[in-house]
There are 2 protein chains.
Amino acid sequence: MAYDAHPPAETSMAKLVLRLGVKLRFAKDQEIFAQSDAADLLYLVVSGAVRTMRLFGDGRRQIAAFYFPGELIGPEAGAVHRFAAEALDETVVVAVRLSTLDAVAGGPELERAIWQATRRELERVQEHLLVLGRKSAAERVASFLLTLARRTPGLHVSVPMSRQDIADYLGLTIETVSRGISEFKRRQYISATSTHQFRLTGLSALQTLASGEAAA
Amino acid sequence: MAYDAHPPAETSMAKLVLRLGVKLRFAKDQEIFAQSDAADLLYLVVSGAVRTMRLFGDGRRQIAAFYFPGELIGPEAGAVHRFAAEALDETVVVAVRLSTLDAVAGGPELERAIWQATRRELERVQEHLLVLGRKSAAERVASFLLTLARRTPGLHVSVPMSRQDIADYLGLTIETVSRGISEFKRRQYISATSTHQFRLTGLSALQTLASGEAAA
DNA sequence: CGCTGGATTGAGTCCGGTCAAGCCTTGTGG
DNA sequence: CCACAAGGCTTGACCGGACTCAATCCAGCG
């Protein structure tokens, strides 16, 4: 899941998208695509970050995933998007029509790359499912921080999303997320340089928590 | 998600698996494959039913999915299974080595079929995610019954799994599942002919509940 | 330097979990 | 064919963790 773990096929697809695609810029909270929009574009995040989400009729919201620079959005969808995508922040993406990609570089190579992207997406969602199904609030927050940490080297974690975004990703409320983070600070599992920048000072304690074992 | 909605590519793959595969019989609760087993086989459920699940260190269990006759298990996995699979009941599956499938009918047709199966799997997991992230106990149970109902025609729903299985699928306890079902009976949303056979007598009420809107 | 909106903290409530009885179905053996 | 045992399911009483409501804090920004 770290950048350097991307299989070759997808890395080369990313390069292809960069070459063929159109660069688009989105402001914070701006919609990149809506639920039930046609899903004929593939997106590569260049800078910033993206959330995909579904909104329920009564205002409840579930965030399905976050996407960071270097990651692809889109191939998981069928003809129509099943989730909406929004920029977390000032964000640049490169978009390319799937048919264009196919015309220029179609064939088994492309199919395999798209399948790999879909497969990785599936694995992520399955891990997310475990967190939502069987973990306590503290375990969820710990899992979340560790997942973010895995995407950047070192113990420094950048958390570009709001507490509300985290809550809607983890199936919690902002208050519960905030309490979790405060508790981790108190126990010195983490230290904060700002509300969105942490340092994981008790990595193993967090890992124990996230894995769902009882901690001392 | 109903049988007749299966895209052609996957239906033809199912036929291929049936022709090339080996028929295996499993007793109730018997393991079909373990987590971290090599994932080089594709399974087609012929009769019975299968659950895939992950077990945590402290005994907590999350069921990822249920599979019924006509459905494929396996293509979602990488080199190694990330979940274990067990028979819900006396179950027959046909298993075929992916390399065999590839040798006999390799090529873009097969790749596309596997990708489609992966994609449908992803969609299912994403819907499951919404249920776990943002729904109340009653909403979860309603969603579950409706998902099962969608797989067979008519209002009759067969629920072959135990209450414990349902609980571990929905992120609840058996008691809460049982209370939910009892409440639905009381309100006459469902009627039961046995503990594992229901009739959806209040379909629209269940749908309203499951969709997450406030009900009267 | 004050304003604004996100984040934190506190108090109280409630939904779902826990613990504990019973019930009912299924299967088995007399 | 019935008696009984075993295990899954249901129901009840109580508890606790996460939610709700509300007040404050604080960082970023004009």
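Naming: A, B, ... by sequence-line order, numbering from 1 per chain.
Looking at residues two or more places apart in sequence or on another chain, you find a side chain to side chain contact (heavy atoms under 4.5 Å, CB included) between B/Ser191 and B/Arg199, B/Thr201. B/Val46 meets the side chain to side chain contact (heavy atoms under 4.5 Å, CB included) test with B/Leu18, B/Val92, B/Val94; sequence neighbours excluded. Residues that satisfy the side chain to side chain contact (heavy atoms under 4.5 Å, CB included) test with A/Thr195, not counting sequence neighbours, are A/Arg163. Not counting sequence neighbours, the partners of A/Ser158 by the side chain to side chain contact (heavy atoms under 4.5 Å, CB included) test are A/Pro160, A/Gln197.
Inter-axis angle, ends of the helix from C/dC1-D/dG30 to C/dG30-D/dC1, five pairs per end, rounded to 10 degrees: 30°.
A cation-pi arrangement is present between B/Arg54 and B/Phe83, with the terminal nitrogen or guanidinium carbon under 6.0 Å from the aromatic centre and inside a 45° cone about the axis.
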Would you give me the side-chain donor-acceptor pairs under 3.5 Å for residues 172-180 of chain A, sequence neighbours excluded?
residue: A/Thr173; atom: OG1; partner: A/Thr176; partner atom: N; Å: 3.3
residue: A/Thr173; atom: OG1; partner: A/Thr176; partner atom: OG1; Å: 3.0

Side-chain donor-acceptor contacts of residues 21-36 of chain A below 3.5 Å, not counting sequence neighbours, with atom names and distances?
residue: A/Arg25; atom: NH1; partner: A/Glu90; partner atom: OE2; Å: 3.4
residue: A/Asp29; atom: OD1; partner: A/Arg51; partner atom: NH2; Å: 2.9
residue: A/Gln30; atom: OE1; partner: A/Ala27; partner atom: N; Å: 2.7

Heavy atoms under 4.0 Å is the rule here; annotate nucleotides 2-19 of chain C 5' to 3' with B where the base is hit, S where only the sugar-phosphate is, and - elsewhere.
-----SBBBB----SSBB
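Residue B/Gln197 contributes atom CD, which lies 14 Å from atom P of C/dT25 at whole-angstrom precision.
Residue pairs that meet the ring-ring contact (aromatic ring centres under 6.0 Å, His included) test with at least one member in residues 165-187 of chain B, sequence neighbours left out, are B/Phe66-B/Tyr169, B/His128-B/Tyr169, B/Phe144-B/Tyr169, B/Phe184-B/Tyr189.
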